[in-house]
Amino acid sequence: MRLLITGGAGFIGSHIADKAIAKGWDVAVLDSLVSGRRENVPQKADFFECDIRDKSAVENVFATFKPTAVSHQAAQASVAVSVREPQMDAEVNIIGSLNILAACVAHSVDALVFASTGGAIYGEVPAGIRAGIDFSPVPISPYACSKFSVEKYLECFRVEHGLKYTVLRYANVYGPRQDPHGEAGVVAIFCNRILAGEGILINAKRDVGDAGCIRDYVFIEDVAGANIAALEGLIPDRILNVGTGQETTTQQLAEILQREIGKNVDMKPHDKRAGDIERSLLNGDRLIELMGPLVDIEDGLTQTAQWFKQCLSLPS
Ligand code: NAD
């Protein structure tokens, strides 16, 4: 297997790279380093600094590395940024993705995995329901629209060109190496703030003082594992939810992390953030059927908190 990982210097892509290298695959990372870090890329992987919006640069990477499989993780990955800059979001997430799809066809790539979002494209998920892949998508942010568009383009490319793809609709992914300075990634942000003894905001689900939004948090090991399984042809589905189906409020998350880190900080109730979905929960039954039991949130948060603690104790 010759695997090219776009966005492989970022959080999720770098974990996929680690797993692929452990399997003995030849791995290359394509990343513009706009938010990713060169040090996240494993030493055994080739690295191409490249912007997916640059069609000829993408073409050069494919011609040089000659991948047989591609995991497409590179993206403008923030909902808030997409609301502020919808055109830039579309240029990276739609046009950039089309450059990857076209290169996959031109170079007869055998397997393509696309990082989509269950958290954003399903919109509001009513109480008592977990969104399965048949749940009607309601993409209400530019980010969700761009991800959903690429899912549609993938199907066009399958019909027109025989492109073999798997769409993985991730829930809220957390774990070691997540950027604590971005606008998303509440687990990383909370770990950083708790360790620094700084207060944390509990943005309201609806009313100030409630327990905050409900999310489906899935551990990075399971997300990277789902990518590897899809690349190996072990996932027959074209679209798969990558979530646990377990609901957690922001307040529960904050409490678990403070316990794990062994430090209590001020939890400040705050207004609802504009555009925040109140409840997002995926049906992950099919993922569990294909991959076995997923990492429990308490275990995943323990590992994540330990990692952030260790980072803080390392000399910078
Ligand atoms: P990340 O920001 O850590 O990684 C994204 C990587 O893409 C970065 O290394 C960045 O430098 C690179 N990149 C961005 N724009 C690029 C461009 N124009 N050309 C080349 N490289 C570019 O984000 P992540 O959390 O690892 O997300 C990976 C993928 O998973 C993204 O597609 C994201 O939309 C999707 N996703 C993430 C989550 C989550 O909870 N983290 C949830 C749903 C979907």
Side-chain angles (χ1 to χ4, degrees), residues 4-18 28-41 45 47-55 57-58 61 70-82 85 87-100 103 112-122 131 139 141-151 167-189 215-220 222-224 226-227 240-244 253 277 280 282 300 304:
L4 177 68
I5 306 167
T6 74
F11 166 46
I12 298 172
S14 64
H15 283 271
I16 298 168
D18 286 345
V29 162
L30 178 167
D31 201 297
S32 68
L33 300 181
V34 62
S35 64
R37 295 156 62 113
R38 182 67 179 85
E39 55 268 38
N40 283 346
V41 179
F47 179 70
F48 298 92
E49 188 168 341
C50 169
D51 192 313
I52 56 170
R53 289 171 290 188
D54 184 339
K55 193 173 194 304
V58 166
V61 172
V70 173
S71 173
H72 179 32
Q73 307 292 318
Q76 184 305 105
S78 156
V79 172
V81 170
S82 82
E85 299 181 65
Q87 190 147 350
M88 184 274 281
D89 178 87
E91 279 162 10
V92 176
N93 289 358
I94 301 179
I95 304 298
S97 292
L98 282 174
N99 290 338
I100 301 296
L112 167 64
V113 174
F114 173 60
S116 188
T117 165
I121 66 171
Y122 293 126
S141 64
Y143 170 74
C145 291
S146 64
K147 289 287 183 181
F148 194 49
S149 306
V150 175
E151 290 193 5
V167 167
L168 297 180
R169 288 182 177 165
Y170 304 157
N172 282 62
V173 188
Y174 70 95
R177 265 185 234 151
Q178 190 163 30
D179 182 4
H181 304 294
E183 298 191 43
V186 65
V187 172
I189 294 169
R215 294 286 179 268
D216 182 333
Y217 293 98
V218 61
F219 192 51
I220 184 64
D222 291 324
V223 177
N227 270 268
L240 183 71
N241 275 347
V242 180
T244 64
L253 194 71
I277 291 169
S280 168
L282 307 195
T304 309

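Nothing here was measured: the structure is a model prediction, and the numbers come from that model. Numbering starts at 1 and runs along the sequence shown. Whatever order the structure lists ligands and atoms in, that order sets their numbers, starting from 1.
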Check each N or O atom of ligand 1 against all protein N or O atoms and list the pairs under 3.5 Å, with atom names and distances to 0.1 Å, one per line.
unit_1	atom_1	unit_2	atom_2	d
ligand 1	2 (O)	Ser35	OG	3.2
ligand 1	3 (O)	Phe11	N	2.9
ligand 1	9 (O)	Gly10	N	3.1
ligand 1	9 (O)	Asp31	OD1	3.3
ligand 1	9 (O)	Asp31	OD2	2.6
ligand 1	9 (O)	Gly36	N	3.3
ligand 1	11 (O)	Asp31	OD1	2.6
ligand 1	11 (O)	Val34	N	3.2
ligand 1	11 (O)	Ser35	N	3.1
ligand 1	11 (O)	Gly36	N	2.9
ligand 1	18 (N)	Asp51	OD1	2.9
ligand 1	19 (N)	Ile52	N	3.0
ligand 1	21 (N)	Ser32	N	3.2
ligand 1	21 (N)	Ser32	OG	3.4
ligand 1	26 (O)	Phe11	N	3.4
ligand 1	26 (O)	Ile12	N	2.8
ligand 1	32 (O)	Gln73	O	2.8
ligand 1	32 (O)	Lys147	NZ	2.7
ligand 1	34 (O)	Tyr143	OH	2.6
ligand 1	34 (O)	Lys147	NZ	3.1
ligand 1	40 (O)	Val173	N	2.9

> Does Ala74 offer a backbone N or O that forms a donor-acceptor pair with the side chain of Thr6 under 3.5 Å?
Replying inline: yes

> Are Phe219 and Val187 side-chain neighbours, meaning at least one heavy-atom pair lies under 4.5 Å?
Replying inline: no

>> Val242 vs Asp222, test: side-chain contact (heavy atoms from CB on, under 4.5 Å). Steps then yes/no.
In response: CA-CA 8 Å; Val242 180; Asp222 291 324; 5.6 Å; no

> What pairs with Tyr143 under ring-ring contact (aromatic ring centres under 6.0 Å, His included), at least two apart in sequence or on another chain?
Replying inline: none

> Taking only residues two or more places apart in sequence, or in another chain, which ones meet Phe114 in a ring-ring contact (aromatic ring centres under 6.0 Å, His included)?
Replying inline: His72

> Considering residues at least two apart in sequence or located in another chain, which fulfil the salt bridge (Lys or Arg N to Asp or Glu O under 4.0 Å) criterion with Arg215?
Replying inline: none

